[in-house]
Amino acid sequence: MPAQTYVGRGMSGRSPRVGLFLRGGSYAYQDEIVVGAHQEAGTHGVNLYCLSGGNVTLADPRNFVYALPDPGALDAAVFVRDTMGAGDGDKAVGAMLERLGPLPVCTIGSREPGVPCVAINNSSGVRALTRHLIEKHDCKRIAFVTGHGREAEQRLAGYRAGHRDLGVSPAEELLIRGDFRFGAGKDAVARLFGSGGGCDAIVAANDWMALGALEALRARGLRVPQDVAVVGFDDLDDAKFATPPLTTVQQAPRQLGIEAVRLVLARLRGETCGDVVLETLPQIRRSCGCFGGIRRGDPEPPASSGQRPRRPDYAAWAGATAARGPAPDPSLPPDWSERMVAAIRRDLERGRSGSFLATVDEIVGGAAEVGNVSAWHQPIATLRREVIRDLAATTAELALAESIFESTHILIGDHAERAQGRRRLATEAAFRALEDLGSDVRTSVDRASIGRALAAHLPSLHVKSCAIVIGPAERAPTGDDQARLIVAWDHERGLAKTTVAGAAFRAGALLPEAFRPARRHTLMVQPLFFQNEAFGWCLLEMDPPRAAAGEAIPAQISAALKVTALQERLAAAATKR
């Protein structure tokens, strides 16, 4: 999509800037939101500034970054308020919104009064999985491990609705209080099987609690799913590789980031926008009892019985396949299911394979770097069922189709193995680069040597630019303070020599205009602090943004600045003496 021209507050002829406010940390949920927002911002030629603070209900030294930018520094803003620990009507979030004034804003997750929201349907997937446990696995006592906040309440509502749909009322003692942490799942099992009468299934409000329940059940000698079925919510990578693989509800946090940027850009153009609600999709794996000899996840199509061939319904094939496909992603062609159907149709009409495998190879290969490759088994299995059902009476075509789909599953497995290998190698390389960077930064004796260490190692971490800013020495910086840019490095322009003494500017601007990347950019605005002392921030440009590096690099810079500041004070004291 070509970049659009936006007319709105504070543009001054420059590219628009969108602020993304969310709690920092190496969390898959936040990481995916950032990547989605980054992708959509890039599609429109818009710059993205990700401000990573902490929990607003605590005295977190990171929280100053939320109130840092002036309204003129941004043109629109997105708040992922649930990650900040904010409850309904939280004054801290209200103060952030008030500070940004009339800028177009939206929230992700929970709503703020008068502010449009991008959220997921938290109840529908849980409702479907609860029904699945009752209808397909004959579960009678299904426990629910709760979380906290509005999203957890909606998931609980889905659990209740799944029972109500089938005329069943869950026992109140099967509702176990949780807090979204791994240990809460273990505690729930202890309560259920200690004095609670047990259960034959556990629905957890997130995957971490479900994984904790899996571990606790194994420790008690209970088999999953033979003795107790377990399902979760989120579809984390850990869920896919658990033993057994976890049946869960897939949400699409990357799509939340995409839709949020679309929404605020539409508001920036003066359009009226309402809430956006994304559906969730149950991911059936073995932990509920499917695919393990107890019950297959979907019935096989009827065997051939001499009936006349059905007329293939190609639109139905494509619709069913798309419904079981992965979450939408900019790397995924919007017509991928139609292309697959057209390819399998060509193979069947010609009586030979080739087209379908090539099409799947292209589509899955293109999406392999940004998604879960193994998820492609489900839409392919769904398409196979549609095809086999319509070809049940034609022996030759049936044999060809089965051969094609068998080869396709092998192809997807090969893609998944290679994608995992690439990610593992990339992770190992990043850790080595971070270790090398940390070693050089920790031994830096002054700010100039910190800058040289960053310039030497950041390219290997795929960082395009880095800036270090410090505020007043006696307290956490605010947007009204004078700040100083002490290090600025860009992979095209090199290390700026004029910043060591400190280029002064208003902190609310985040970065002096002369030192911003000239290209379209996404900057991670990370707080610099040591223990409870906040003293500045750094801005890292990464494409795509990566949480691990985005958290580790500021921590190393913070420690180095603390050491060099101590050395400078000692030197000043010695000089005075």
Side-chain angles (χ1 to χ4, degrees), residues 17-26 30 34 47-56 59-74 77 84 96 99-100 437 441 447 450-451 454 458 461 463-490 496 499-500 502-517 521-542 545-547 549-565:
R17 299 171 186 161
V18 175
L20 178 63
F21 296 74
L22 76 173
R23 183 178 179 178
S26 298
Q30 285 98 308
V34 170
N47 296 320
L48 182 69
Y49 289 70
C50 303
L51 296 108
S52 302
N55 188 324
V56 296
D60 195 315
R62 300 175 293 175
N63 287 345
F64 74 89
V65 299
Y66 292 142
L68 199 56
D70 288 333
L74 302 173
M84 303 175 184
M96 296 178 211
R99 175 179 173 80
L100 294 178
L437 171 64
V441 167
R447 294 169 181 174
I450 292 176
L454 292 170
L458 289 181
L461 288 163
V463 176
K464 293 184 174 182
S465 68
C466 173
I468 301 176
V469 179
I470 58 172
E474 66 278 3
R475 55 177 170 78
T478 70
D480 296 328
D481 287 322
Q482 281 289 105
R484 287 186 296 146
L485 176 67
I486 60 170
V487 174
W489 169 82
D490 186 287
T499 58
V500 176
F505 69 102
R506 180 181 169 85
L510 300 179
L511 186 66
E513 287 296 327
F515 294 95
R516 295 181 194 271
H521 53 268
T522 290
L523 294 180
M524 307 293 291
V525 184
Q526 299 278 17
L528 299 176
F529 65 98
F530 187 80
Q531 295 179 346
N532 291 323
E533 178 190 355
F535 45 81
W537 62 97
C538 70
L539 302 97
L540 298 171
E541 181 188 6
M542 290 182 283
R546 288 174 298 278
E551 293 292 318
I553 294 172
Q556 294 174 343
I557 294 173
S558 296
L561 286 176
K562 188 67 177 177
V563 171
T564 56

Can you check whether [X] reaches [Y] side chain to side chain, under 4.5 Å on heavy atoms?
| X | Y | answer |
| --- | --- | --- |
| Leu454 | Ile557 | yes |
| Asp480 | Arg506 | yes |
| Leu561 | Phe530 | no |
| Trp537 | Pro554 | no |
| Thr522 | Cys50 | yes |

Nearest atoms (heavy-atom pairs only) where [X] meets [Y]:
| X | Y | answer |
| --- | --- | --- |
| Leu539 | Leu510 | CD1-O, 3.8 Å |
| Asp70 | Ala509 | OD2-N, 4.1 Å |
| Val525 | Tyr49 | CG2-CD2, 4.3 Å |
| Tyr66 | Pro69 | O-CD, 4.0 Å |
| Leu22 | Met84 | N-CE, 4.0 Å |
| Pro527 | Ser52 | CD-O, 3.1 Å |

Enter the distance from [X]:[atom1] to [Y]:[atom2] here, rounded to the nearest 0.5 Å.
| X | Y | atom1 | atom2 | value |
| --- | --- | --- | --- | --- |
| Arg17 | Arg516 | CZ | CZ | 4.0 Å |
| Leu523 | Leu20 | CG | CG | 12.5 Å |
| Phe64 | Leu51 | CZ | CG | 10.0 Å |
| Leu511 | Cys538 | CG | SG | 11.5 Å |
| Ile553 | Met524 | CD1 | CE | 10.5 Å |
| Ile470 | Ile486 | CD1 | CD1 | 4.5 Å |

Can you list the residues that meet the side-chain hydrogen bond (donor to acceptor under 3.5 Å, both in side chains) rule with Asp481, with sequence neighbours excluded? Arg475, Thr478
Quick one: does any side-chain atom of Asn63 pair with a main-chain N or O of Gly53 as donor and acceptor, under 3.5 Å? no
When you measure from the side chain of Arg62 to the backbone of Arg23, do you find a donor-acceptor pair of N or O atoms at a distance under 3.5 Å? no
Quick note, side chain to side chain donor-acceptor pair (under 3.5 Å) partners involving residues 525-536, not counting sequence neighbours, are Glu533-Lys562
